[in-house]
Amino acid sequence: MAARPGIRLLVIDDNPGILELMATALAQPDIEIFTATDPHEGLRLAGETHPHIVLTDLMMPGISGLEVLDRILAMDPSTDVILMTAHYSTETAVEAIKKGATDYLNKPISIAAIREKIRGLVDALKQRQKSLNLENELLAHAEFEGIIGNSPMMWDMFSRVRRVAPHYRSVLVTGGTGTGKDLVARALHRLSPAVQGRLVVLNCSAVVETLFESELFGHARGAFTGANADKPGLVEHADGGTLFLDEIGDMPLSTQAKLLRVLQNQEVQRVGSLSVRKVDIRVIAATHRDLRAAIEEKAFREDLYYRLAMVEIHVPRLAERLGDLPLLTRHFVARFNSLYGRELRGVTRRAEILMATHSWPGNVRELENVIGHAAMLAAGEWIDVQDLPPYMLTKERKPGEQAQADQGSSLGTIEEHERALVMSALANAGGNQSKAARELRIGRDALRYKMKKYGLDDVASATTAG
Ligand SMILES: Nc1ncnc2c1ncn2[C@@H]1O[C@H](COP(=O)(O)OP(=O)(O)O)[C@@H](O)[C@H]1O
Ligand SMILES: [Mg+2]
């Protein structure tokens, strides 16, 4: 998409008089206005110019405004679409809002009212553009050794890693699966004096128990069947560097005892050999398990635990730091854009809201998968609700929320729902505000405030008049 300055507004109406009126009334230095009398031409223009705001007539020959709304939102769900009609009906208005329209206006349209409405939208858009720029800037600063985070918990963790890295001999990294323990281990190594040495990784959950010790400590020729030659283990391989023992909770007890000796004495004995070799290694152990519980169950050695846990770095779950969600999302969108050669601009507001209410049991890895999956699926330039995995949409809800759950992917923002509720209450009450307020179980002042907030002042008078 070619970058154009300011806000782009597209007006579609089969009546050229209206187009001219709008173009004159809404002319502003920061607004670029496009017009089309033919809705198909309008849709083509929308595809070409990527308008921020679309004003469209509801009744046009060939294609209805509601279908124009659908097609525009399919191209870019973040577009503000305003429908205009001379044939006002509350049902259509509610349908339009549910489909994602920003507003629904009754013709004849007052110039002052439309000017104010567009001004409001333009201000909101500029605010959002500003905060997007800000987020980009934040992304550059909210990163530590490739670990993204801008929440107090992560700042704490970064500072702990920074302070521990120059000094540790052994360290325990704890946290749920997918929280980023691997990244933390790598950061610890990179910031340690052993940075010139190797980082040797052993995933303890992937090693056959019988091969564990020869893998880790090496073996002498003839130590067991198949040991045809002397072979150094990973400990020796990591000499002068760092040994990263991932999922240490899966290490057999007998091996744990020997590992503790290596840590205490900085020397290693190959399986089947009598001689010991001096090594100089740092050890990072990581686990998603509760090692204290494992100690209770006699599955983990208490002495090894205390040796390792002298320094513990805990990586918080994603659900505990949802403030990191927007930055992480942007980070992954950018990554999958370059991986898949796409130009996704981000996640729509309603998808963002859904993501913020998810519990993320799989933490950052789950988010990475969700965005990767969505980046393949997304039809337009934005990741929307339907691109998220189905399990995120079908959450358990309280009985009262069931009606909304049944609408599946048409889940809108809280504002959209509130606006639709206010509109239907006003319609049911025949425009009588006291009655509508009673139905909504809010005060009249609260109702007036909401009507103003959602630009429903006109609706009420229109309903009263009709
Ligand atoms: N804070 C973060 N910033 C950027 N990427 C992250 C972050 N945390 C995790 N990731 C990514 O999420 C995935 C899972 O992280 P990983 O370190 O393997 O988790 P763990 O080892 O705790 O199971 C990896 O692809 C990793 O790069
Ligand atoms: Mg890991």
Side-chain angles (χ1 to χ4, degrees), residues 127-168 170-192 244 246 284-293 305 308-336 346-372 383 388 392 395 413-414:
Q127 195 62 46
R128 187 158 166 86
Q129 278 176 352
K130 226 187 272 172
S131 71
L132 280 181
N133 292 340
L134 214 66
E135 268 174 28
N136 270 334
E137 216 169 283
L138 271 178
L139 194 54
H141 295 111
E143 179 256 9
F144 170 79
E145 295 288 315
I147 312 172
I148 312 268
N150 194 34
S151 50
M153 285 182 119
M154 290 301 269
W155 297 335
D156 264 7
M157 197 201 71
F158 295 162
S159 115
R160 210 168 152 74
V161 169
R162 205 181 287 116
R163 281 178 290 130
V164 163
H167 309 292
Y168 74 93
S170 58
V171 55
L172 181 64
V173 183
T174 58
T177 44
T179 48
K181 297 187 297 297
D182 261 66
L183 295 179
V184 170
R186 281 164 211 285
L188 280 166
H189 171 69
R190 263 200 309 274
L191 299 176
S192 81
F244 174 28
D246 204 359
I284 303 171
T287 182
H288 72 278
R289 286 180 202 276
D290 178 356
L291 289 185
R292 285 170 186 281
Y305 172 77
L308 292 171
M310 272 195 301
V311 187
E312 179 180 336
I313 291 181
H314 179 70
V315 192
R317 289 180 298 121
L318 182 55
E320 296 174 87
R321 48 177 163 112
L322 285 176
D324 287 339
L325 206 50
L327 282 181
L328 282 168
T329 301
R330 287 181 73 76
H331 166 74
F332 288 126
V333 168
R335 234 190 49 207
F336 287 108
V347 172
T348 64
R349 261 168 292 170
R350 47 193 191 150
E352 218 169 59
I353 289 173
L354 202 63
M355 286 167 65
T357 56
H358 183 58
S359 60
W360 299 107
N363 296 296
V364 185
R365 182 177 289 115
E366 183 184 358
L367 176 67
E368 185 179 24
N369 291 340
V370 165
I371 301 289
I383 292 173
L388 301 177
M392 278 181 68
K395 228 174 296 173
T413 63
I414 290 166

When you compare the side chains of T179 and N363, does any donor N or O come within less than 3.5 Å of an acceptor on the partner?
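Result is no, nothing qualifies.
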For the pair [X] (side chain) and [Y] (backbone), establish whether a donor and an acceptor sit closer than 3.5 Å, ignoring hydrogens and angles.
X: R190; Y: E145; value: yes
X: E312; Y: A309; value: no
X: R292; Y: Y305; value: no
X: R330; Y: P326; value: no
X: K181; Y: G176; value: yes
X: R321; Y: P316; value: yes
X: N150; Y: D324; value: no

Evaluate the ring planes of H358 and W360, with Trp represented by its six-membered ring, and classify them as parallel (under 30°), tilted (30 to 60°) or perpendicular (over 60°).
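The rings of H358 and W360 stand perpendicular, inter-plane angle above 60°.
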What are the two closest non-hydrogen atoms of [X] and [Y], and how far apart are they?
X: S359; Y: A319; answer: O-CB, 3.6 Å
X: T174; Y: H314; answer: OG1-ND1, 3.0 Å
X: G146; Y: E143; answer: N-OE2, 2.9 Å
X: R163; Y: H167; answer: O-CD2, 3.3 Å
X: V161; Y: A187; answer: CG1-CB, 4.3 Å
X: A356; Y: L322; answer: O-CD1, 3.5 Å

Under 4.5 Å between any side-chain heavy atoms of [X] and [Y], yes or no?
X: L291; Y: L172; result: yes
X: M157; Y: I313; result: yes
X: L318; Y: L328; result: yes

All ring-ring contact (aromatic ring centres under 6.0 Å, His included) counterparts of F158, not counting sequence neighbours:
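Scan of F158 (ring-ring contact (aromatic ring centres under 6.0 Å, His included), adjacent residues dropped) gives F144.
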Side chain to side chain contact (heavy atoms under 4.5 Å, CB included) assessment of M154 paired with I147:
CA-CA 9 Å; M154 290 301 269; I147 312 172; 3.9 Å; yes
I need the E352 CD to I383 CD1 distance, nearest 0.5 Å.
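The CD atom of E352 sits 11.0 Å away from the CD1 atom of I383.
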Before giving the answer on side chain to side chain contact (heavy atoms under 4.5 Å, CB included), spell out for I284 and R186 the whole-Å C-alpha distance, their side-chain angles and the decisive distance to 0.1 Å.
CA-CA 9 Å; I284 303 171; R186 281 164 211 285; over 6 Å; no
Start with the C-alpha distance between F244 and L188, add both sets of side-chain angles, then the distance that settles side chain to side chain contact (heavy atoms under 4.5 Å, CB included), and finish with yes or no.
CA-CA 10 Å; F244 174 28; L188 280 166; over 6 Å; no
Walk me through whether R335 and E368 qualify under side chain to side chain contact (heavy atoms under 4.5 Å, CB included).
CA-CA 10 Å; R335 234 190 49 207; E368 185 179 24; 2.5 Å; yes
